[in-house]
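Computed from heavy atoms alone, side chains included, the values below leave out hydrogens, waters and symmetry copies.
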Amino acid sequence: MNKLIPAVGMLVVLLAGCASTPETPPPAPVPSVAPAVAPAPAPRAAPTPPPAPAAAAAKRCDATVTFQKDETFAFDRFVLTPGAVARLDRDVLGKLSTCASVDSVVIEGHADRIGSQQYNQKLSERRADSVKNYLVGKGADRTKIETIGMGKTVPAKFCPDTPKRSELIECLAPNRRATIAVKGPGK
């Protein structure tokens, strides 16, 4: 019982502290004026039509074509293969015909890693130029075409060195390519 007396005393002190804090009276209610007539319901707004699809509003003829397999350039050459010519006719010139106008055609020429940086840079530029010359010969606007030689800086495939040079040349074939990007509004 002696242990309860200090606890009860502490409780009395705490309660007394709470009782000494003055209570603030609640705010007086704001008088409201009742309307003489109930307001008419607001007219319903007409439903808004759904927005038009963005694709229809901004039809584009953009495309990117990359030479692959039999379309790539022969080792140390910049002459277009029959596969490359067929791909240019089908996928690039075909796409250009769907454009209302052509904003740009960017042609990147690429080389494999065999040879010096300077040599491969020139070779990749010649590859890009051979694609441009073909497209211009087929009626594409020369002023809309830009060519870039990427040299050996952006390989599509990595191959280990092998004792046989012919195996390395074959393995690196995907790197001897061109990439053509077409941009413009569609018809």
Side-chain angles (χ1 to χ4, degrees), residues 48-187:
T48 57
K59 190 173 181 182
R60 304 283 302 169
C61 69
D62 300 350
T64 301
V65 175
T66 301
F67 288 175
Q68 298 177 6
K69 299 179 185 167
D70 67 330
E71 302 159 355
T72 61
F73 295 93
F75 177 70
D76 200 26
R77 300 287 182 259
F78 56 90
V79 175
L80 294 171
T81 64
V85 169
R87 183 85 186 272
L88 290 171
D89 288 342
R90 183 184 69 237
D91 294 341
V92 177
L93 292 170
K95 181 51 84 172
L96 289 173
S97 69
T98 68
C99 296
S101 64
V102 176
D103 294 338
S104 67
V105 177
V106 178
I107 303 167
E108 294 178 357
H110 296 267
D112 61 31
R113 65 181 168 91
I114 300 171
S116 70
Q117 175 63 34
Q118 296 82 6
Y119 182 82
N120 282 323
Q121 179 63 38
K122 289 292 184 192
L123 180 58
S124 67
E125 290 168 7
R126 288 184 181 116
R127 288 176 174 168
D129 287 340
S130 69
V131 173
K132 177 180 180 176
N133 292 336
Y134 180 79
L135 295 176
V136 169
K138 292 291 189 166
D141 184 353
R142 177 181 297 278
T143 63
K144 300 292 183 175
I145 301 175
E146 180 181 348
T147 60
I148 302 169
M150 303 300 288
K152 58 183 179 179
T153 61
V154 188
K157 185 174 181 182
F158 294 92
C159 300
D161 288 329
T162 62
K164 293 186 178 180
R165 182 176 168 93
S166 61
E167 289 176 2
L168 180 60
I169 289 171
E170 179 62 30
C171 181
L172 292 172
N175 296 335
R176 298 185 291 273
R177 68 195 188 282
T179 300
I180 304 96
V182 175
K183 297 211 180 291
K187 290 182 180 177

Is any side-chain heavy atom of [X] less than 4.5 Å from a side-chain heavy atom of [Y]?
X	Y	answer
F73	V79	no
T179	T64	yes
M150	I148	yes
T72	H110	no
I145	V131	no
L80	F67	yes
S130	N133	no
L96	V105	yes

Check step by step if side chain to side chain contact (heavy atoms under 4.5 Å, CB included) holds for K157 and C171. CA-CA 8 Å; K157 185 174 181 182; C171 181; 3.8 Å; yes
Look at atom CD of Q117 and say whether more than 12 heavy atoms of other residues, nucleotides or ligands are closer to it than 6.0 Å. yes
Over 12 foreign heavy atoms within 6.0 Å of CZ, R90: yes
If we ignore hydrogens and angles and just use 3.5 Å, is the side chain of [X] paired with the main-chain N or O of [Y] as donor and acceptor?
X	Y	result
N120	D112	yes
T162	K164	yes
E71	Q68	yes
D141	V102	no

From [X] atom [atom1] to [Y] atom [atom2], the distance as rounded to the nearest 0.5 Å:
X	Y	atom1	atom2	answer
L135	K138	CG	NZ	10.0 Å
K187	S101	NZ	OG	10.5 Å
R60	T98	CZ	OG1	11.0 Å
D76	I169	CG	CD1	8.5 Å
I180	D91	CD1	CG	9.5 Å
K144	K132	NZ	NZ	13.0 Å

Pair T81, V85 - check side chain to side chain contact (heavy atoms under 4.5 Å, CB included), show working. CA-CA 6 Å; T81 64; V85 169; over 6 Å; no
Where [X] and [Y] come nearest, the two heavy atoms and their spacing:
X	Y	value
A100	G186	CB-O, 3.4 Å
A156	N175	N-OD1, 2.6 Å
V182	C61	CG1-O, 4.0 Å
G151	S124	N-OG, 2.8 Å
R127	F75	NH2-C, 4.5 Å
E108	A128	C-CB, 4.3 Å

Check the pair I107, E146 against side chain to side chain contact (heavy atoms under 4.5 Å, CB included), reporting the backbone distance first and the verdict last. CA-CA 6 Å; I107 303 167; E146 180 181 348; over 6 Å; no
Can a salt bridge be assigned to the pair D161 and R113 using a cut-off of 4.0 Å between side-chain N and carboxylate O? yes
K183/D103 ion pair, N-O < 4.0 Å: no
Test side chain to side chain contact (heavy atoms under 4.5 Å, CB included) applied to I114 and R176, R165, K152, the passing residue: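 Answer after filtering R176, R165, K152: R165.
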Would you tell me whether D89 and Y134 have side-chain atoms, one donor and one acceptor, within less than 3.5 Å of each other? yes
